[in-house]
Amino acid sequence: MNCPFASTPKGSADVPTQPGPLPDKPTMDFSQDMAYGDYLQLGAILGAQQPLSPAHDEMLFIVQHQTSELWMKLMLHELAAAMQCIQSDRLGMAFKMLARVSTIMAQLVHAWDVLATMTPPEYTAIRPFLAASSGFQSHQYRCIEFAMGNKQAAMLGPHAHQPDVLRTVQQALHAPSLYDHALGLLARRGLPVPASHLARDWSQAYVASAAVEAAWLQVYRDPETHWDLYQLGEELTDLEDAFRLWRFRHLTTVERVIGFKRGTGGTGGVTYLRRMLDVVLFPEIWSLRTHL
């Protein structure tokens with residue numbers, strides 16, 4: 001078997017003796033055309049970092065959260081499209097989108113590694129300038145939580161001062177979640193999903209059901225017959241797995257930087273984040289594994 005990294009004898013015809021010319025001459029004049037920065041609106045994006053404190057490390061804090069919001073915007077874009085695809089039985093497309101969301105979550109998990117380079121004294125220097133602002137108030141994160149099924153009407157409160165934002169979050173609260181769409185698909189395929197979980201008040205928190213678990217068990221006990229539904233279950237498992245890792249990394253980073261102080265937004269900080277670790281988004285997909 002030939003090794004692709006094996007050396008080639010000097011003078012071999014397979015090794016060019018002189019570098020060839022560039023295949024194309026790059027464009028240097030963009031006065032009449034759209035350039036990279038124009039397309040990405042980099043002027044607006046790179047001008048959006050406006051530290052309020054004299055502290056060097058505030059730039060890290062701002063960039064961390066702004067980039068996270070950009071990734072969350074893409075997550076919402078993909079989740080909305082995935083739900084439409086599930087509703088119209090285009091599961092191949094939905095799987096691609098859900099896999100992308102899981103990969104974005106992995107990106108957000110690793111982003112905590114960068115923020116964790118901020119030490120407690122460095123954060124203390126910028127904290128007074130944050131006032132009551134907090135990631136807890138991120139309306140995009142709230143829409144992701146709602147799309148994933150963690151519905152809590154009380155979480156509309158932080159957005160009441162922004163009517164346009166409030167309407168967006170309210171729409172997410174009252175819309176079926178990703179899991180609701182998945183259960184609707186199971187029912188359309190003839191699996192015994194109870195009516196109580198097919199037509200309900202979507203703004204209410206999801207309540208696990210033994211009957212729903214039984215429906216998923218049919219899928220998992222005969223994956224060849226229900227292959228695409230089986231794959232859907234695993235895509236949802238991947239997604240929640242990634243979301244749990246993000247929550248855990250959030251918790252450990254906050255504890256590392258501020259200990260058990262209250263969050264700037266008034267939450268209990270670490271104690272609040274620990275409670276969030278207990279939230280299960282797709283409960284029957286996890287519980288069924290005990291019974292296989």
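Under the 4.0 Å criterion applied to side-chain N and carboxylate O atoms, E284 and R289 are not assigned as salt-bridge partners. Salt-bridge annotation for R189 and D228: present, with a side-chain N of the basic residue lying under 4.0 Å from a carboxylate O of the acidic one.
The nearest pair of heavy atoms linking S138 to H159 is C-CE1, 3.9 Å. Residues L232 and A182 share a closest heavy-atom pair of CD2-CB, 4.0 Å. Across all their heavy atoms, L288 and L217 have their closest contact at O-CD2, 3.7 Å. Nearest heavy-atom pair, D180 versus Y206, reported as atom, atom and distance to 0.1 Å: OD1-CD1, 4.3 Å. Between S177 and M83, the shortest heavy-atom distance links the atoms C-SD, 3.7 Å. Residues L156 and L166 approach most closely at O-CD1, 3.8 Å, considering heavy atoms.
Atom CH2 of W286 sits in a crowded spot, with more than 12 heavy atoms from other residues, nucleotides or ligands closer than 6.0 Å. The environment of H174 atom NE2 is dense: over 12 non-hydrogen atoms of other residues, nucleotides or ligands sit within 6.0 angstrom. Counting non-hydrogen atoms of neighbouring residues, nucleotides and ligands closer than 6.0 angstrom, the NE2 atom of H291 exceeds 12 such neighbours. The 12-atom threshold is exceeded at CZ of R244, counting heavy atoms of other residues, nucleotides or ligands nearer than 6.0 Å.
Checked against ring-ring contact (aromatic ring centres under 6.0 Å, His included), Y220 has the following partners two or more places apart in sequence or in another chain: Y230. With sequence neighbours left out, the ring-ring contact (aromatic ring centres under 6.0 Å, His included) criterion links H65 to F61. With sequence neighbours excluded, no residue satisfies ring-ring contact (aromatic ring centres under 6.0 Å, His included) with F146.
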In sequence, state the C-alpha distance, the side-chain angles, and the governing distance for T252 and R249, and then conclude on side chain to side chain donor-acceptor pair (under 3.5 Å). CA-CA 5 Å; T252 56; R249 196 69 184 92; 3.1 Å; yes
Where do R247 and E240 land on the salt bridge (Lys or Arg N to Asp or Glu O under 4.0 Å) test, with the steps shown first? CA-CA 10 Å; R247 281 175 166 159; E240 182 160 2; 5.8 Å; no
Determine, stepwise, if the pair T119 / E122 fulfils side chain to side chain donor-acceptor pair (under 3.5 Å). CA-CA 5 Å; T119 63; E122 291 167 350; 3.3 Å; yes
From CA spacing to verdict: side-chain contact (heavy atoms from CB on, under 4.5 Å), T225, V219: CA-CA 8 Å; T225 299; V219 171; over 6 Å; no
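With Q162 contributing its side chain and P158 its backbone, the two residues share no donor-acceptor pair below 3.5 Å.
A tilted orientation is assigned to the rings of F282 and Y179, their planes being inclined by 30° to 60°.
Counting heavy atoms from C-beta on, the side chains of L130 and Y123 come closer than 4.5 Å. With a 4.5 Å cut-off on side-chain heavy atoms, V169 and C143 count as touching. Annotation: side chain of R275 is not in contact with side chain of L273 (no heavy-atom distance under 4.5 Å).
Of the listed residues (L245, D238, L239), just one forms a side-chain contact (heavy atoms from CB on, under 4.5 Å) with D241, and that residue is L245.
L198 and L178 fall within the same hydrophobic cluster, where Ile, Leu, Val, Met, Phe, Trp and Tyr residues are linked whenever their side-chain heavy atoms come under 4.5 Å apart, directly or through other members.
To the nearest 0.5 Å, atom CH2 of residue W202 and atom CG of residue L173 are 13.0 Å apart.
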